[in-house]
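Here's the structure, in structure tokens; my notes come after.
A, B, ... follow the sequence lines: proteins, then strands. Residue 1 opens every chain.
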Amino acid sequence: MTTSAAALSQSHIPLLIRCIQTSSSLHSVTAAHSKILKAGAAAGTSTANHLLNCYLRFGSIVDAHKLFDDITQPNVVSWTSLMAGYIDAGRPAVAVDLLRAMPINGVEPNSFTFSTAINACSHLADVRRGRELHARIESLGLRSDVVASTALINMYGKSNDIEAARRLFDGMSHRNLYTWGTMISIYSQNACGNEALTLFAQFMALKLRRPNHFMFSSIVNACAGLGRLGTGRSTHAAVFRLGHEENDVIAGALIDMYAKCGSIDSSRIVFSRIAAPTLIPLTSMIVSAAKHGLGAYALQLFDEMLDRKIHPNSVTILGVLHACSHCGLLDVGLHFLNSMNDDFGILPEAKHYTCAVDMLGRAGRLDEAVDLARRAAAEASGDDGLMLWSAVVAAGRLRGRLDVVAEAAARLAELEPRKSDVAGAYVAMSNAYNFVGRWGDAIKIRMEMQRRGVMKDPGCSWVEVKGTAYVFFAGQFEACPRVEEVVELLREMKKEIGCRRGIDGWPWEEEDGEHDGLGGERAMLGVHSEILAMAFGILSFPKGGKIRIMKNLRMCGECHKVFKVVSKLVGREFVVRDLNRFHHFDGGICSCRDYW
DNA sequence: TTAGGGTTAG
């Protein structure tokens, strides 16, 4: 900064402001502030607002509030900026208080203020107050205001009311880039990937403006959720063309997308192109490596991260635990759990305990697993509790411990999961009761599900061919693409693999979910969805290429066996993503080494 | 001058 205090006059201020807006340190903001004060020029509200926002850009809410107090006549921008600053500082309740204080101080809120206040409500998960603000916006005639409406869309989206968000979106006469981006991100974050892709396509067709990095991040995320590798790759190409690849968040999202689509090699390529990876791409790479069973690589990355003095967050630690879990590094994992607070100042949360419970359970140390779950239970309400006790159910079932499963079922019954996970809790409970022989209780649960209209997601698998996703459901042959060829191929293969390899038939299920294993003609009708997808994949992909299959549930042990045998029989490589992790089948073996 | 984005166990 070259402007001297002595020479500073009103005419220099815009230049000074421009200077500090591009500066990279809080110190230069403070220096500019004191120069302006010395020159006696800080009286202007507009100048003060610029400074205020510079302080906020560096996260200094204390300096910002001090400056705000010194402004003789703070205007609506001053108030709104301060509100936004408090939200960023993790204190959204203060933002709501400021909104109330504005009229008392003679300043009326505008649409940006409402937008910020609504954002505060989203952070506070205070839908009631959000609705009140919605009503106020309507009564003030701001209904068609794009800024206020976009904030409302975001609030409804964050509270999982996607329909309300979409109704507002559809009712708007004018939409800007924020509006489109917000609606697309709501779809993407609520596991509505197809809707996100459709809306993005509509936006592109309008040819109004180029998509920004926010939109790309949502779209990459949608591809990850759907396991759409082809669409993910073409989105990556667009990201590259428009120069967004360097963005940390986008890089992290791309690493995650490739991993979730079964191409960990592509994740590693994206990661290797980053000169000095920061927390976000590093965490994404660690989590992705763990998901693919590359435990040693995940731990190596973590060490490199610490060497570079990059501080991990709770997700990074979870990735590390997950890596230990899938590689059987039980003691290393437990060490991380016990020392994460001392070493990194991160308190273990329910998700960390759940991972450790799962790890202990699979290693056969069931009593320790249950003990840990009991200790963690206080912090695991709602969905967290569902995860925790479902892990205990799985561990108990694996070891045939009825007492453990019964306790977990009772704990599940006490939970109040969010609406979206009610089905999961019911299914976990009903499975647990079935396992311990309390069929009456299991039936009661199923009846309660029916009475409340809770639907269990049907098991399905899908395969992407040339940008189109082909979906397969167990027992729904009428919906199966290339059905005749698929059936014919399965028949032929069944003859080949036969009982010699320990496979009685294709894994299948009847309405009540019981396995038969006879593999007769009737069984073909209920064959598991990944088996149909496997046959379709063999028919649709050229020899030599990997066949990637996505599944919305966990793979059963029988299907796992089938994939191993078939990979050797037909000489093809299969990558199957189930709810839990990836399985790479090649030459008769699986990357998980049958430990998952 | 004021608005949003990524990674999370089953």
Separation of atom [atom1] in [X] from atom [atom2] in [N], rounded to whole Å:
{"X": "Tyr187(A)", "N": "dG5(B)", "atom1": "OH", "atom2": "P", "answer": "17 Å"}
{"X": "Asn53(A)", "N": "dA3(B)", "atom1": "CG", "atom2": "C1'", "answer": "12 Å"}
{"X": "Asp145(A)", "N": "dA3(B)", "atom1": "CG", "atom2": "C1'", "answer": "11 Å"}
{"X": "Asn247(A)", "N": "dG5(B)", "atom1": "CG", "atom2": "P", "answer": "13 Å"}
{"X": "Ile219(A)", "N": "dG6(B)", "atom1": "CD1", "atom2": "P", "answer": "12 Å"}
{"X": "Ile346(A)", "N": "dT8(B)", "atom1": "CD1", "atom2": "C1'", "answer": "13 Å"}
{"X": "Asn110(A)", "N": "dT2(B)", "atom1": "CG", "atom2": "C1'", "answer": "7 Å"}
{"X": "Lys351(A)", "N": "dT8(B)", "atom1": "NZ", "atom2": "P", "answer": "10 Å"}

Which part of the nucleic acid, if any, lies within reach of [X] when heavy atoms closer than 4.0 Å are counted: base, sugar-phosphate only, or nothing?
{"X": "Ser284(A)", "answer": "sugar-phosphate"}
{"X": "Thr283(A)", "answer": "base"}
{"X": "Asn49(A)", "answer": "base"}
{"X": "Ala84(A)", "answer": "sugar-phosphate"}
{"X": "His213(A)", "answer": "base"}

Practice item. Over 60° means perpendicular and under 30° means parallel, so classify the ring planes of His213(A) and His244(A), tilted if in between. Key: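 Tilted: the ring planes of His244(A) and His213(A) meet at 30° to 60°.
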Point to revise | Whether Phe302(A) and Phe344(A) hold their rings parallel, tilted or perpendicular, with breakpoints at 30° and 60° | key: perpendicular
Point to revise | Which residues share a ring pair (Phe, Tyr, Trp, His ring centres under 6.0 Å) with Trp79(A), sequence neighbours left out | key: Phe68(A)
Exercise for review: Would you please confirm or rule out a distance under 4.0 Å between OP1 or OP2 of dG5(B) and any side-chain N or O of Asn154(A)?
Suggested key: no
Check your understanding: Does the side chain of Lys291(A) get closer than 4.0 angstrom to OP1 or OP2 of dT8(B) through an N or O atom?
Key ->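 Looking at the OP1 and OP2 atoms of dT8(B), one of them is under 4.0 Å from a side-chain N or O of Lys291(A).
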Review point. Looking at Tyr353(A), does the NZ or CZ of Arg375(A) lie under 6.0 angstrom from its six-membered ring centre and within 45 degrees of the ring axis?
Key: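 Verdict for Tyr353(A): no cation-pi partner in Arg375(A).
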Out of [options], which nucleotide sits closest to the side chain of [X]?
{"X": "His322(A)", "options": "dA9(B), dT2(B), dG5(B)", "answer": "dA9(B)"}
{"X": "Val249(A)", "options": "dA3(B), dG5(B), dT2(B)", "answer": "dG5(B)"}
{"X": "Asp256(A)", "options": "dT8(B), dG6(B), dG5(B)", "answer": "dT8(B)"}
{"X": "Asn75(A)", "options": "dA9(B), dG5(B), dT1(B)", "answer": "dT1(B)"}
{"X": "Lys260(A)", "options": "dA3(B), dA9(B), dT7(B)", "answer": "dT7(B)"}
{"X": "Asn176(A)", "options": "dA3(B), dT2(B), dG5(B)", "answer": "dA3(B)"}
{"X": "Val77(A)", "options": "dT7(B), dT2(B), dA3(B)", "answer": "dT2(B)"}
{"X": "His50(A)", "options": "dG5(B), dA9(B), dT1(B)", "answer": "dT1(B)"}
{"X": "Phe214(A)", "options": "dA3(B), dG5(B), dA9(B)", "answer": "dG5(B)"}
{"X": "Thr80(A)", "options": "dT2(B), dA9(B), dG5(B)", "answer": "dT2(B)"}

Check your understanding: What is the minimum heavy-atom distance between Leu553(A) and Asp578(A), and which atoms define it?
Key ->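 Taking Leu553(A) first and Asp578(A) second, the nearest heavy atoms are O-CB, 3.3 Å.
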Check your understanding: Looking only at N and O atoms, is any donor in the side chain of Asp248(A) or the base of dG6(B) less than 3.5 Å from an acceptor on the other one?
Key -> no
**Study point:** Tyr178(A) aromatic ring stacked with six-membered ring of dA3(B), 5.5 Å and 30°
**Key:** yes
Practice item. Would you mind checking if Glu407(A) and Arg374(A) are paired as a salt bridge, meaning a charged N to carboxylate O distance below 4.0 Å? Key: yes
Check your understanding: Who pairs with Lys291(A) by side-chain hydrogen bond (donor to acceptor under 3.5 Å, both in side chains), at least two apart in sequence or on another chain?
Key ->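 Partners of Lys291(A) by the side-chain hydrogen bond (donor to acceptor under 3.5 Å, both in side chains) criterion come out as none, since no residue qualifies.
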